[in-house]
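This report concerns only the one structure given below.
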Amino acid sequence: MQGRRLNQLAIGYACITVGVQNTGLSRCILKNASEENIRKVIAINLSALEAMVDYNIKNGIKLFRISSDIIPFGSHSINTVLWWEDYKENFLRIGNKITSAGMRVSMHPGQYTVLNSRDLNVVEKAVKDLNYHAAFLDALGMDNKSKIILHIGGVYGDKENAIKAFTDQYVSLSQTIKNRLIIENDDKNYDIQDILTISQITGAPAVFDNLHHELNPPEETLSEFEWIKECNQTWKEQDGKQKIHYSQQKVGALRGSHSDTIFIPPFLDFYHQLLDNNIDIMLEVKDKNLSAIKCINTVLRDVSAKKLEEEWAKYKYFVLSRSARIYNDIRGMLKNKEARVVIEFYEKIEHAYLLSEDKGAEVNAAEHVWGYISKDSSSDERKRYEKLLDAYLNDTSSAEILKSHLLKCAHKRDLQYLINSLYFYI
DNA sequence: TGACGTCAAGATCCG
DNA sequence: CGGATCTTGACGTCA
């Protein structure tokens, strides 16, 4: 398609990262939710959020969903911490990074925030939860293009009435929440046609989710791209760019389960069929940031040789652990610095992803990684390594246990190159 | 009453 | 004791 303005593209991921140091979120259970513990978790999580934001900036990721769990019991009465005041400096600093990078952040209360419930206690809690999410984005200083994504809720045997319960509740929400609230089709109850109807009544922009749509299509049969176009009408200037959710079904898993990674051929097919590419695409996928970078790189196509080398550095031992042949194929592919091999590169990695376990390949990769450690290994480390290798070959232990030993050895020596290898995380 | 989804904490088991 | 593995938690709806 001609005239595409690829620089407007924003592809992002949700909540957590894979293989990035210091980004782990913490939490506590209700039983342990003392003020002291809550403060401890908040401090850890804001620091993790900042590390994720830094990572996103470094990697050109301009769309990101912040986990609802960032503040423990954020909308529960047990949490009396005035976090938006007490951690003001963190919020300002993180917010400035987000804004100056041109990153768009969002939040997404889950399936348990139900605004149209028949139980008024549930409704009250849902409103509190929306307030919490809005307060968090406010604390970061985000404008109203930072959205809160919500599903409609239950049906209670009478969809018409359930929709009315939602729209009635919507009216009584504060303007602060209304400015941010957007609504999404789900995989069971409310299809995209319902969402557009509710959007007409409330004015809340509509988010199209492709996998939910596949599982729960409306009566009217338009193509996904026509539905996306319909949704586009619901986005106003002050809402920012239209946003959609994209995910792929995990093969062999329950209907609706997200795939481990976004497979590039179907993604590009979808992307190129979009009637308007000025859309933000939120990926929902297990490997999170990794698929975001992959999709960004394959859509941009002209990724520098240096950048691709950096990607390869992260993936290489993972690939080697699946197939030496694919490993060598990719090495050969990257020798030609002029060739545009981005798509082929990721397709090879996906191929490795899909291979079933090959013990020879696993051992070969482990030996390569061990090579970094063996020089100055202690006898205990070596003994354990050899024991785990034997046990793996004898079927009395798994590759994961071997890998966790190797990672521990790498951490002990602060071998950053190894610590950042996806071999340990996917 | 349990499945659903999420993912780290908590509990328990193993060597 | 450290590390691996299994279970729980916190939420609401629906079969």
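Numbers restart at 1 for each chain; the letters A, B, ... are given by sequence-line order, proteins then strands. When reading the values below, keep in mind they use all heavy atoms of this one structure, side chains included, and skip hydrogens, waters and symmetry mates.
Map A/Ile29 and A/Gly256 each onto its nearest nucleotide of DNA chain B; the residue landing nearer the 5' end is A/Gly256. When the nearest nucleotides of DNA chain B are assigned to A/Gln111 and A/Lys387 by heavy-atom distance, the more 5′-ward of the two goes with A/Gln111. If A/Asn189 and A/His76 are placed on DNA chain C by their nearest nucleotide, the residue sitting closer to the 5' end is A/His76. Closest-nucleotide positions on DNA chain C for A/Ile401 and A/Arg27 were compared, and the one nearer the 5' end corresponds to A/Ile401.
If you measure from atom CD1 of A/Ile71 to atom P of C/dA10, you get 18 Å, rounded to the nearest angstrom. One atom, CG of A/Leu407, and another, C1' of C/dG2, lie 16 Å apart when rounded to the nearest Å. To the nearest angstrom, P of B/dG5 lies 16 Å from CD1 of A/Ile16. Between the CZ atom of A/Arg65 and the C1' atom of B/dG5 there is a distance of 13 Å, rounded to whole Å. Between A/Lys288 atom NZ and B/dG5 atom P there is a gap of 14 Å when expressed in whole angstrom units. Counting to the nearest Å, the C1' atom of C/dG12 and the CG atom of A/Leu130 are 15 Å from each other.
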>> For a side-chain hydrogen bond (donor to acceptor under 3.5 Å, both in side chains) check, start with the C-alpha distance between A/Asp287 and A/Ser291, then their side-chain angles and the critical distance, and finish with the verdict.
In response: CA-CA 6 Å; A/Asp287 73 356; A/Ser291 275; 2.5 Å; yes
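Residue-level contact check: A/Thr113 touches neither bases nor backbone, having no heavy atom under 4.0 Å from any strand. Within the nucleic acid shown, A/Asp69 has no heavy atom closer than 4.0 Å to any nucleic acid atom. Within 4.0 Å (heavy atoms only), A/Arg384 reaches sugar-phosphate atoms of the nucleic acid but no base atom. Residue contacts for A/Lys188: at a heavy-atom cut-off of 4.0 Å it reaches no nucleic acid atom on any strand shown. Contacts of A/Ser257 with the nucleic acid, taken as non-hydrogen atoms under 4.0 Å apart, are absent.
A cation-pi geometry, defined here as NZ or CZ lying under 6.0 Å from the six-membered ring centre and within 45° of its normal, does not hold between A/Lys294 and A/Phe345. Both tests do not hold together for A/Lys316 against A/Tyr327: distance to the six-membered ring centre under 6.0 Å, angle to the ring axis within 45°.
Between A/His213 and A/Phe208, the gap from one ring centroid to the other is short of 6.0 Å. Here A/Tyr353 and A/Phe318 bring their ring centres to under 6.0 angstrom of each other.
OP1 or OP2 of C/dG12 lies within a sub-4.0 Å distance of a side-chain N or O belonging to A/Lys125. Phosphate contact (OP1/OP2 of C/dT13, side-chain N/O of A/Tyr156, threshold under 4.0 Å): present. When the side-chain nitrogen and oxygen atoms of A/Asn32 are compared with OP1 and OP2 of B/dG10, one or more of them lie within a distance under 4.0 Å.
Closest contact between the side chain of A/Phe73 and the listed nucleotides C/dA10, B/dC4, C/dT13 involves C/dA10.
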